[in-house]
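Both backbone and side-chain heavy atoms feed into the values below; hydrogens, waters and symmetry mates do not.
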Amino acid sequence: KEVAKRDAALGHFVNGYIAYRDKQFGVARRELNEALALATSTNAKILILTWRGWLSQESQQYGDAFDQAAG
């Protein structure tokens, strides 16, 4: 919650990362998608896309994982 107060996109990223680590892939995907929609900096977008790609690979959604890698 504290992170989200300072940066909404980063707050969603943190929630998505935690959900990913807890293997709650649906929640993680929703949070990372929301983070990407709110991200304004290139660095934030790269971070979010990287984790979204790893999430897609972990959840065996390989087509989406390759799409993340391609940019």
Joint cluster assignment, Leu10 & Leu36, ILVMFWY side-chain distance < 4.5 Å: yes

Arg21 CZ to Trp51 CH2 distance, which is reported to the nearest 0.5 Å: 6.0 Å

Residue pair Ala44 / Ala39: nearest heavy atoms and the distance that separates them: CB-CB, 4.1 Å

Cluster check Tyr17, Leu38: I/L/V/M/F/W/Y, side chain < 4.5 angstrom: no

Leu32 CG to Ser56 OG distance, which is reported to the nearest 0.5 Å: 9.0 Å

Backbone of Gln24 reached by a side-chain donor or acceptor of Asp22 within 3.5 Å: no

Stepwise side-chain contact (heavy atoms from CB on, under 4.5 Å) check, His12 with Arg30: CA-CA 9 Å; His12 282 287; Arg30 283 190 302 274; over 6 Å; no

Distance in Å, Arg52 CZ paired with Gln57 CD, rounded so as to fall on 0.5 Å steps: 15.0 Å

Between CZ on residue Phe13 and CG on residue Leu47, distance to nearest 0.5 Å: 4.0 Å

hydrophobic_cluster_shared for Trp54 and Ile46, side chain cutoff 4.5 Å: no

Distance (rounded to the nearest 0.5 Å) between Asn15 CG and Glu34 CD: 11.0 Å

Rounded distance (nearest 0.5 Å) linking atom CG of Leu55 with atom CD1 of Ile48: 13.0 Å

Side-chain heavy-atom pair Ser59, Arg29 within 4.5 angstrom cut-off: yes

